[in-house]
Participant: 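The following block contains the structure, expressed as structure tokens.
The structure presented is a predicted model; accordingly, all values stated were derived computationally and were not measured. Read the numbers this way: they start at 1 and go in the same order the structure lists the ligands and their atoms.
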Amino acid sequence: MRPTFVVSAFAALALAAPRPQDIVFDEVDATPDPTIYTPPTNVTVDTVAIQPASAASAIASAAVTDVASTSDPTEKRDVMGVADQLKPRTADCGALPDGSGPAVNNPDTPDAFLTYQPFLDASSNAPTPQGYTPAFQGKQASSQTTSYLGYKTLDKYDPILCQEYCDQLEGGRCQAFNIYFERDPSIAPADGCPNPTSVTNIKCVRWGVQVKPETATNTGGTRKPAFKVAITGSNGYNKLAPPKAQPGFTAPMALGGAINAPNDPVTNTNTYMGYKFFSFDKVQTFEGGVEACTTACTAQTAYNSRHPPAAPAKPNVCNQVVVYVLSNNNQPQGIQCAMYSESWAQNYATNYGQYRGNDYWSVSQAYAYTNATYAAKYGNICAVGGCPNGSFRGGNCGGYGAGTC
Ligand SMILES: *[C@@H]1O[C@H](CO)[C@@H](O)[C@H](O)[C@H]1NC(C)=O
Ligand SMILES: *[C@@H]1O[C@H](CO)[C@@H](O)[C@H](O)[C@H]1NC(C)=O
Ligand SMILES: *[C@@H]1O[C@H](CO)[C@@H](O)[C@H](O)[C@H]1NC(C)=O
């Protein structure tokens, strides 16, 4: 279904009540589900292709000018490292890399590994790196979610080393990391050696979206025919920093949820212009998504001005774009960008998520970016209980100033 995207604020005058900005799923439905990545267990370093930020801008600009079709099928990118995939497979019962951590060989069983006290201690005594907050601790499973950014093995269980690996990706693209002990085979399991001696790898995986207890679901599985991979001491950490500033916009304003704005309280005009959705298969990371949203907002303003409505109506300007991660049952799907012709205060951020059948779609990492030129003239509208005294009560007519509507 084609979402209504360019809506004149003046046409909306006829509406009896403002449209609530419930999460709309048209674009989500028109987009294939993003890939859920499980880090491989058979390589020591996994290099993935990481998109430059400019890729997200190009995707966003294309999404706005291409109004004839909102359902452009996504091509699945080849994210797995090409080099790793071309590596020859290890021959049956052939040697695999030594583990990076201490082996648990007495006894050498998955159960002994899962409850090995030094691993549990390392996990529970681990320091939380500066700039991060713990997401989960001591899980017997690693994270699997969208926006996989590769991993490496460490020779020490130290979240600070893992944080450094995450922060090496500039532009804040690494949003989270997962460090854990993994029980791996010492030689490639095969019929001649179904359940070889184990080694331990300490793995540090980075992600472009936040991790949660609910994404720590990979318990390892079996390397056929009979070797049990196991994971223990799995700790996840999320970056605390807000997303980057974007050119031409004010600094991101943190929101507790998505904005659900009424009409402008003074002029009673609608300010909601519609939304864009970008799957993590397209924009890859949270930061890539934020950049796509602000680019789409600017591109929408330019597009509207090239296709103006009949006079005296004026083309809508996207003066505020609210960005958030949209997750289905806690699995991040993509970035939703809601556009407004006037800017709203945090007090209107009241949409935390909603049920759709049995699935809960939640809003997280919500931020508002406001056109800096606009923000220099007008405050964020605040006209509900709890607004600070002297708040801007509205009345600038879709961003064109008082008296123009
Ligand atoms: C690792 O496992 C994957 C999936 O089972 C396989 O496609 C790949 O060839 C393996 N890589 C190596 C280096 O053995
Ligand atoms: C801010 O709004 C003006 C129109 O008032 C527009 O020309 C400009 O492109 C907008 N800036 C951004 C960064 O969207
Ligand atoms: C805000 O206004 C209310 C009512 O006029 C007044 O009681 C209160 O002291 C004001 N608060 C501040 C911080 O000025």
Participant: Numbering the atoms of ligand 2 from 1, which are under 4.0 Å from a heavy atom of Asn371?
Facilitator: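 Those atoms are 1 (C), 2 (O), 3 (C), 8 (C), 10 (C), 11 (N), 12 (C), 14 (O).
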Participant: Could you tell me whether atom 7 (O) of ligand 2 has a protein heavy atom closer than 4.0 Å?
Facilitator: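 There is no protein heavy atom less than 4.0 Å from atom 7 (O) of ligand 2.
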Participant: Starting at CD of Gln246, measure out to OH of Tyr367 and round the result to the nearest 0.5 Å.
Facilitator: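 If we round to the nearest 0.5 Å, Gln246:CD and Tyr367:OH are 13.0 Å apart.
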Participant: Kindly confirm or rule out an SG-SG distance below 2.5 Å between Cys174 and Cys166.
Facilitator: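 Cys174 pairs with Cys166 as a disulfide (SG atoms under 2.5 Å apart), so yes.
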Participant: Just to confirm my output: which protein heavy-atom neighbour is closest to atom 5 (O) of ligand 2, and how far is it?
Facilitator: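 Going by distance alone, atom 5 (O) of ligand 2 is nearest to Val317 CG1, 4.2 Å.
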Participant: Is the distance from the ring center of Phe113 to that of Phe119 below 6.0 Å?
Facilitator: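 They qualify: ring centres under 6.0 Å apart.
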Participant: Determine whether the aromatic ring centres of residues Tyr116 and Phe181 are separated by less than 6.0 angstrom.
Facilitator: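 Not under 6.0 Å, so no.
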Participant: Using a heavy-atom cut-off of under 4.0 Å, does the side chain or the backbone of Tyr374 touch ligand 2, or both, or neither?
Facilitator: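 For Tyr374, there is no contact with ligand 2 at all, from either part.
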Participant: For atom 13 (C) of ligand 2, which of Thr298, Thr301, Thr373 has the closest heavy atom?
Facilitator: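 It is Thr298 whose heavy atom sits nearest to atom 13 (C) of ligand 2.
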Participant: With a 6.0 Å cut-off on the ring centroids, do Trp207 and Tyr148 count as close?
Facilitator: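 Distance test on ring centres: under 6.0 Å, yes.
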Participant: Report, in ascending order of atom number, the atoms of ligand 2 lying under 4.0 Å from any heavy atom of Gly248.
Facilitator: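 What qualifies from ligand 2 is 13 (C).
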